[in-house]
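Below is one structure; the comments refer to it alone.
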Amino acid sequence: MTAKGNRMNAPALRAALLDWYDAHARSLPWRAPPGAGKRTDPYFVWLSEVMLQQTTVPHATPYFLAFTRRWPTVSDLAAEEDAEVMAAWAGLGYYARARNLLACARAVAGRRGGVFPDTEEGLLRLPGVGAYTAAAVAAIAFDREANVVDGNVERVMARLFAVEPPLPDSKPELKRLAGSLATADRPGDWAQALMDLGATVCRPKAPLCDRCPISGACAAYARGDQETFPRKTKKAERPRRHGVAWLLTDGDRVALVRRPPKGLLGGMLGLPTSDWRAAPWTDAEALAAAPTVAAWRDAGEIEHVFTHFALTLRVFRAEGAMAAEWTPRAGLEALPSVFLKAAKAGLTRLV
DNA sequence: CACTCGTGGAG
DNA sequence: TCTCCAAGAGT
């Protein structure tokens with residue numbers, strides 16, 4: 001047992017982690033250096049938090065840079081056309097976030113004159129801002145005391161206290177434990193310190209306990225089974241669905257359709273598709289369901305994995321005409337990944 | 001409250 | 001190849 005041992009109390013643990021954060025904080029485009037007293041623009045904090053929901057830092061970073069370059073303030077974003085923002089979000093996934101992002105920006109720019117609420121309760125009323133994001137923005141942008149609990153914090157708490165019940169049922173207990181450590185001292189730095197620790201040291205796999213400033217207080221580390229936390233209930237198997245996508249071209253242009261505002265890929269442009277069902281589509285079924293009569297040619301199939309199902313998508317291509325949003329090939333970057341993948345297959349792999 | 005909702009990188 | 005999973009929210 002080290003000198004700090006397992007007797008490390010809450011104040012000592014807090015001090016150790018904040019000291020670690022002062023020395024090891026990640027440098028991120030939306031973040032001010034720790035302790036400097038600078039506050040980050042609430043717009044940057046909010047935008048980054050929404051982009052980072054269930055999304056990795058490397059994936060979200062180029063989107064954050066593009067959004068803030070193109071729309072430097074929340075009012076700039078609020079004034080933009082829906083289609084432009086959805087196109088800019090394409091590839092980032094969970095497209096309800098983009099719809100709520102615009103709704104939130106317009107609420108802040110309109111009813112609040114471009115000023116974000118500075119309390120957790122006020123933030124929580126905004127579209128797309130839930131318990132985590134409200135707490136994170138309140139703490140990071142406004143330095144308000146808040147219990148900021150994301151997946152990182154849940155993992156740190158599960159190990160620190162060797163919480164046996166599995167996620168997601170243990171969420172309330174993990175949040176309660178996190179709250180037992182939170183104080184009004186440097187709330188923004190504390191929240192980010194916990195998340196940075198989870199992301200870089202207390203990682204899901206192969207945690208770097210020899211670099212952990214609070215390993216002396218960690219119940220799981222003391223037992224030696226830290227990597228087995230947090231316990232998790234097994235996830236249901238992912239079913240497979242089958243569909244058909246039609247790539248209709250007119251020279252350089254591709255026929256795209258705007259998807260309904262809610263549901264999967266809601267509000268995004270896409271290729272015309274069939275239903276996505278359990279049974280594969282035969283050639284005859286696919287051709288009968290085509291959006292227009294044309295000399296459809298088989299372009300093979302693509303595989304794509306969504307959160308709760310896997311998709312096999314047959315792709316057919318033809319030259320022709322139909323009512324659609326005709327888009328130059330260069331504009332295909334506005335498509336969600338599944339359709340970009342299908343379009344590339346159709347344009348390059350005619351069978 | 002269980003389910004829906006994307007994507008790409010790591011191991 | 002396959003599993004896991006990343007700064008969750010809405011319904």
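Residue numbering restarts at 1 for every chain, and letters A, B, ... go by the order of the sequence lines.
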Would you mind reporting whether A/N147 and A/K175 have side-chain heavy atoms less than 4.5 Å apart?
-> yes

Any side-chain N or O of A/Y95 less than 4.0 Å from the OP1 or OP2 oxygen of B/dT7?
-> yes

Is the phosphate of C/dA6, meaning OP1 or OP2, less than 4.0 Å from a side-chain N or O of A/Q54?
-> no

Walking DNA chain C from its 5' end, the first of A/P127 and A/L52 to be reached, judged by nearest nucleotide, is A/L52

Scan A/S337 against the nucleic acid and name what it touches under 4.0 Å (heavy atoms): base, sugar-phosphate only, or nothing.
-> sugar-phosphate

Rounded distance in Å between the P positions of B/dG8 and C/dA9 = 22 Å

A/Q53 CD to B/dC5 C1', in whole Å, measures 12 Å

Establish, yes or no, whether a centroid distance under 6.0 Å links the rings of A/H308 and A/F306.
-> no

So, A/Y94 and A/T307: side-chain donor and acceptor under 3.5 Å apart, yes or no?
-> yes

Whole Å only: how far is the CG atom of A/L340 from the P atom of B/dG8?
-> 8 Å

Contact class for A/L28 (heavy atom, under 4.0 Å): base, sugar-phosphate, or nothing?
-> base

Within the structure shown, what part of the strands sits under 4.0 Å from A/R99 by heavy-atom distance: base, sugar-phosphate, or nothing?
-> nothing

Euclidean distance, atom CH2 of residue A/W276 to atom P of B/dC5 [Å, nearest integer] = 10 Å

Any cation-pi pair here, A/R112 with A/W46, using under 6.0 Å and within 45°?
-> no

With heavy atoms under 4.0 Å as the rule, sort A/T133 into base, sugar-phosphate or nothing.
-> sugar-phosphate

Are A/Y132 and A/Q53 linked by a side-chain donor-acceptor pair shorter than 3.5 Å?
-> no

Close side-chain approach of A/R186 to A/L18, heavy-atom, < 4.5 Å | yes

Contact class for A/V50 (heavy atom, under 4.0 Å): base, sugar-phosphate, or nothing?
-> nothing

Specify the separation, in whole Å, of atom CG of A/L335 and atom P of B/dT7.
-> 10 Å

Touch check for A/K232, heavy atoms < 4.0 angstrom, all strands: base, sugar-phosphate only, or nothing?
-> sugar-phosphate

So, A/E173 and A/R231, do they make that salt bridge, N to O below 4.0 Å?
-> no

Taking CZ from A/R97 and P from C/dG8, how many angstroms apart are they, rounded to a whole number?
-> 9 Å

With a 3.5 Å cut-off and no angle check, do the side chains of A/Q192 and A/R31 form a donor-acceptor pair?
-> yes

Roughly, in whole Å, what's the span from CD in A/E237 to P in C/dC4?
-> 10 Å

What integer distance in Å separates A/R259:CZ from B/dC5:C1'?
-> 12 Å

Enumerate the residues from residues 200-209 of chain A whose closest heavy atom to DNA chain C is under 4.0 Å, giving them by residue number; use none for an empty result.
-> A/P204

Decide, yes or no, whether a salt bridge links A/R240 with A/E303 under the criterion of side-chain N to carboxylate O below 4.0 Å.
-> yes

Where along residues 83-92 of chain A does a heavy atom fall under 4.0 Å from DNA chain B?
-> A/G91, A/L92

Separation of atom CG in A/N100 from atom C1' in B/dC5, rounded to whole Å = 12 Å

Look at the side-chain N and O atoms of A/H59 and state whether any lies under 4.0 Å from the OP1 or OP2 oxygen of C/dA6.
-> no

Between the CD atom in A/E285 and the CZ atom in A/R314, the distance rounded to the nearest 0.5 Å is 10.0 Å

Member of A/I302, A/L332, A/T273 meeting the side chain to side chain contact (heavy atoms under 4.5 Å, CB included) criterion with A/F339 | A/T273

Have a look at A/G266 and say if it touches a base, only the backbone sugar-phosphate, or nothing, with a 4.0 Å heavy-atom cut-off.
-> nothing

Would you indicate which nucleotide in B/dG6, C/dA9, C/dC5 comes nearest to any side-chain atom of A/T55?
-> B/dG6

When you get a sec, tell me which of B/dT7, C/dC5, C/dA6 is the closest nucleotide to the side chain of A/K235?
-> C/dC5

Could you check whether A/P58 gets within reach of a base, just the sugar-phosphate, or nothing at all, counting any heavy atom under 4.0 Å?
-> nothing

Please determine, for the side chain of A/R238, which listed nucleotide (C/dC5, C/dT11, B/dG6) has the closest atom?
-> C/dC5

Using a 4.0 Å heavy-atom cut-off across all strands, classify A/V129 as base, sugar-phosphate, or nothing.
-> sugar-phosphate

